[in-house]
Structures are given as structure tokens and as C-alpha cells.
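Values reported hereafter were calculated over all heavy atoms of this structure, with side chains retained and with hydrogens, waters and symmetry mates removed.
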Amino acid sequence: MEQNKKESLNFIEQLIERDVKEGNFKKIYTRFPPEPNGYLHIGHAKSICLNFGLAQKYGGHCNLRFDDTNPEKEETEFVDSIKEDIKWLGFDWGPSAYHTSDYFEQLYQLAICLIEKGNAYVDELSAVQLNELKGSPTEPGKESPFRDRPIEESLEIFKAMKSGAFQNGERVLRAKIDMSSPNMHMRDPILYRIKHMKHHRTGSKWCIYPTYDFAHGQSDSIEQITHSLCTLEFEVHRPLYEWLIQKLEIHPSKQTEFARLNLSYTIVSKRSLRALVEGHYVAGWDDPRMPTISGIRRRGFTAKSIRKFADTIGVARRDGITDVALLEHAVREDLNKTAHRIFGIMDPIKLIITNWPKDYQEIMIAENNPEDEKSGTREMPFTREIFIDRSDFMEDPPSPRKWFRLGPDREVRLKKGYIIKCTGYKKSEKGKVVEIYAEYDPNTKSGQDTSGKKVKGTLGWVSVPNAVLVEIRMYDRLFLTENLNKIEDDFKNHLNPDSLIINTKAVLEPSVRNAQVGDQFQFERIGYFRVDEDSHSERLIFNRTLTLRDGWTKKKN
RNA sequence: UGGCCUAUGGUGUAACUGGCAACACGUCUGAUUUUGGUUCAGAAGAGUCUAGGUUCGAGCCCUAGUAGGCCAACCA
């Protein structure tokens, strides 16, 4: 090997390497802290790959922590799906997953500690009053009349809050910082609120719950997290994050922000995704059009390709919008190497080889994947009647230099079969081509061609008596608008009406008969497809993952 | 009358911390090909938001401006 070029590091890696060099800690700890109130999406995948990837790279560990401080929105269903998705992506959080709710007692003690130090107080103002005193980004806030109440009094009331002496909203615990700070989050932020509500894990043990600011950072400290990575919108919380660490004198985790993922033609916000599910614009969280991890998995995107994608886009502090083409490229790259090839006809039209004996069947051999020698071969019966795709025939085609496929008197190769010449076709009364006639040349059998003929076009085909009728769900992008962050109207106005087209007349070659749910194929010249879990004994159902790259249709336009 | 962050080809990131702007995707040629796929060869495309400044030298530093993002939930 030559002198290896210095590997380029992203800004977080640079930070970590500096920390390592300075010996700031023995081991790197990161964490992935989802709130279990929805399904994970491609944006989370970026964060997962980042946090787990960094831990792997630097010999540290990444914790999975469910940030479950708000019993109103959180459910066990989501905990399970989140675990499944992370595992599928190929990451391991070790023997146990953590929950912020496991720390409720410790957090409560920390709050008491803060009050005792005079850094927090119980307020009795209503939400409305609190808001009024808060000021605005351009106006300073005003101090609450309860701000300077004796420590003992706050302590007493806080304990009473815990024991259920008050109704929702009657008291809050606030940090005592600075009501005139230009940073709104430093204007005596709320640390604890009363919610008489059952929590999905702690049941009704608690009726006070810490807010994000008093739960997240403290949990980081409890877990000895060294690098707490979050998205840019938490940047303004950092001064508070650090203030609490300092006042509480706890493990100094460091918060670092990075830009969240935005993807063209895609919506990446839990709230919006929920709206799509609840409004039945899609079939569910795992609808193959959804950018959820469960959705793209069902669509046929692979874990490997998503990790590759995350690696490609990197991480930075500027926010922009990533072209989905980058994601799609990663998927095609992986599938090209792994997916077995088969022949499939989306829009079948019958072609009769008039000089082929009736009832005679010849077995053709085809390799499963030319990119992978170890993938083996399969058999394909060739018969007098075959299906070809309607789009591969034109009654009056342009010059052979522009159109490689079949037309009257034109010759093409049937891949893994013979070269045929079109001798005619039949039309229905309505003028639709219903049957094509052709003659084959016996000297042109694939692999043992002695004719010397060269043809430009190669077509896929499926033997009529052996064809397998399947259902194909042809998915396309969910939205028509490139940048959905910039729209002003309802994002649902931008839905692609053709994001799902169901094809029930497609036929595949017989080798596909024993395909299992989850199997992925390349239908030659068409695209990548995955056997969907809706498949049943009567009918295989395929999801179109992506089409093949296509330089030809582009050229036409 | 606020504060913080960001600004590099169409898109996403680099540039060994001051030394003639690189990689991937995308686009366009051409070759190969029994997938109009893959692969291969090549091309176009930014002089780094603007204006000053420091310096022998600035995409990297400083100042001002501009543009975009974030911040006023008892959400995370």
C-alpha cells in the first residue's frame, strides 16, 4: 500500500479525537435517545448510524435510551418498533436498553438538591400568567412573585406536588436563572410539571414529571455519556444543559449539535408522518412509501444501503436538503450485487413463434446474478407462445438506431433464448395490438450462436404455459414537491396521486414460484422488487423497490 | 431595538488547521455488454455569499453587511 492519505474527519470525529488525545476520558459513550411516541424514520437512521458508528469506531459504547418523560404521548408499541428498527439497521445497544423513567427517583433527588442550593423554586402562577411574564425574544421577561420564596417553602411544596396534593398545572418547579436573558430557555425554565396520568412504565407511581431540559441532560450524566449528540434546534438549550451540570455538579457530558436530515421529495417529521397514517393517506407506518425505517425496509431498501447512505452524506452543522438520488444510488449499488435476476413482464402481450413446434418445450439456463458467480443458475422453459412486454413492440418504430426493440420485420434477441424476427401482428377491433407473430432462427441459441448475427435489442420473455401471475405494487415517490420545508400550504396538497399503482396482470418466470416473503429480485431491464408480507398461497405480491437506472427514457425527453 | 447558528459546483461533504478547491451523487460524451442495467474511459460544472481588513499568501483568521435556519409548548 502506498502512503495512505489522511482520512478526512467530520467535525464530531475531530472533536472526539482531540478529546482522546487530551485524555479527557477513558472511553467514549454516546447515546441514541428516541421518544417512544412514533416510528423511527430515515432521519433517525442518520442519527443511529452516527451515534452507534462513532462508538464502534472509537471503541466506546452507544446506549439506547427511551426518553419517556411525557406519559401523554408515549406507548409500548413504539418501544418495540424502535428496538426492531435499530437491530435491523445492524446495531447493538448491549445487554439492556435504558429509560429516562428509570431515573425518575434520581431526577427527583437532583431537583431537591437544586432547590436546596437556591437554584430552583416552586411557582404557583398559571400557564397563562407564566407566559405573560416570559417576555419575547426581543423583550426581557419579568420575575415571578414566587421567585424569592424561602427554600424551605419550595422544598415543602415540591414534596407535596410529588405526593399529589395539587391538580395538573397548579404548581411547577422552575430553575432560578435569569428572566432577562436573551436566551428564552434561560428565563427560569420549567423543570417539573404535574400530570396526573398513567405512565406506560411507571404506572401511577408519579404525578410529577421532569421536562426535557431536566431529564435529558441529567440522564446523560447518570449514564456517563461523554458525547451527547443532538440536532441543531437544541442548540439554544445548550447553555441550560451546561448550567444544570454545573449547579448539580454532575458528570459533565458535552452536547454537540448537528444538522438533521432533510430529503428531497420526502417529509421527515414525526408529526407529519403521523398525520399521513392517521388520515389514511398511506396504509400505515410501514407503508412502503413511508420514509420510516419499517416502511423502507418493506419497500426493499437494505440496512447496508442505509448505512452506506448515512456514511455518504456525512454530518455537518449547516442545514440543507439531501437529494434522494443519493439514497437511491446506495440502494441500487447494494441490490445490484445481491438481488437474483428473473424475467418479468409488467404488461404482457402474447408472441407466437410460428416456426416453433407446438407443445415443444426447451429448457434454457440462466445465471442468477452475473455480478456474483456463486449465485448459481436457474432453468427457464422456452415455448412456442411467450409473453413479451407491450412496451417492447411498436407498430411503426423509429429508426433501428434509436429503437432497439421489436417492430414489423425487426429482429431482437430473446435473452437466454433465440433471435426472432417479427413477421406480423394482430389487432383487435379497437385497434389494439393483441398478438405478435415471429419466427426464430435455430442457429442463434444463446451461448451457441453460429449465425454471426448481431442484434441491438434484447428482450425479456416468459413462457405462456409456465407464467406465474402476480400482483405488483409499483411505488413511486410520495410527494411531487422537491423541498417540502419551503411550502406554505398543507403538505398533503403535494402528495403524488400516482405514488402507488397496483398491477394485477404482471407475469413472472416459473422459477419464482418458491419465493419467500422478503426475497428480493431484479426483474431484468425493469427494477428491483421485494416479496411483500401481504403475499398469500394464491398469489405472490411484490413491492417495487426502485426502477433500474434508465438512460434511455431520459434521452427521449 | 434581541440572541444563537450557518454560508464551498445542481445536491451532500472534503481541503492535513493559512499554501494553486477534492470526493460521491447527479448531468453529458464515448467504449464494452445477450439487462438501453452493470463496468470502463472521459467531459462539463464552483474560484468558496458580498465588501473591507490582517498576511508574502485567506475557503480557512478579523470586522461589517446580506441570505437562510433556530429560539417565546407545564413537547422532545
Mark yes or no for a side-chain to base donor-acceptor pair under 3.5 Å between [X] and [N], with no hydrogen or angle criteria applied.
X        : N     : answer
A:Ser446 : B:U34 : yes
A:Arg341 : B:U35 : yes
A:Arg405 : B:G36 : yes

Think [X] has a side-chain N or O under 4.0 angstrom from the OP1 or OP2 of [N]?
X        : N     : result
A:Asn131 : B:A73 : yes
A:Lys195 : B:C75 : yes
A:Arg317 : B:C70 : no
A:Thr211 : B:A73 : no
A:Gln14  : B:A15 : yes

The test is salt bridge (charged side-chain N to carboxylate O under 4.0 Å, His left out); show your working for A:Lys142 and A:Glu132 and say whether it passes. CA-CA 9 Å; A:Lys142 292 189 185 73; A:Glu132 279 166 5; over 6 Å; no
Whole-angstrom distance between [N] and [M], as gauged at atom [atom1]:
N     : M     : atom1 : result
B:C20 : B:A24 : C1'   : 23 Å
B:A58 : B:U63 : C1'   : 15 Å
B:G59 : B:A51 : P     : 13 Å
B:U17 : B:G42 : C1'   : 35 Å
B:C56 : B:G12 : C1'   : 36 Å
B:A73 : B:U13 : P     : 30 Å

How about A:Glu223 and A:Asn63: does a side-chain donor come under 3.5 Å of a side-chain acceptor? yes
With no hydrogens and no angle check, do the side chains of A:Asp178 and A:Ser180 hold a donor and an acceptor under 3.5 Å apart? yes
Could you let me know what [N] is paired to, Watson-Crick or G-U wobble, both distances under 3.5 Å, or none if it's on its own?
N     : result
B:C20 : none
B:C4  : B:G69
B:U38 : none

When you get a sec, tell me which of [options] is the closest nucleotide to the side chain of [X]?
X        : options             : answer
A:Val172 : B:G12, B:U27, B:C74 : B:C74
A:Glu371 : B:U35, B:G37, B:G36 : B:G37
A:Asn336 : B:U38, B:U34, B:G12 : B:U38
A:Arg525 : B:G36, B:A15, B:U33 : B:G36
A:Arg193 : B:U34, B:U33, B:A76 : B:A76
A:Ala325 : B:C71, B:U35, B:G26 : B:G26
A:Glu235 : B:U34, B:C4, B:C75  : B:C4
A:Lys134 : B:A72, B:G37, B:C71 : B:A72
A:Pro182 : B:U13, B:A76, B:G3  : B:G3

Using the closest heavy atom to pick a nucleotide of RNA chain B for each, name whichever of A:Lys337 or A:Leu9 lands nearer the 5' end. A:Leu9
Judged by each residue's nearest nucleotide on RNA chain B, which is more toward the 5′ side, A:Asp213 or A:Pro370? A:Pro370
Looking across every strand, which nucleic acid part, if any, lies under 4.0 Å from A:Arg238 by heavy atom: base, sugar-phosphate, or nothing? nothing
CZ/A:Phe529 to CZ/A:Phe521 distance, rounded to the nearest 0.5 angstrom? 11.5 Å
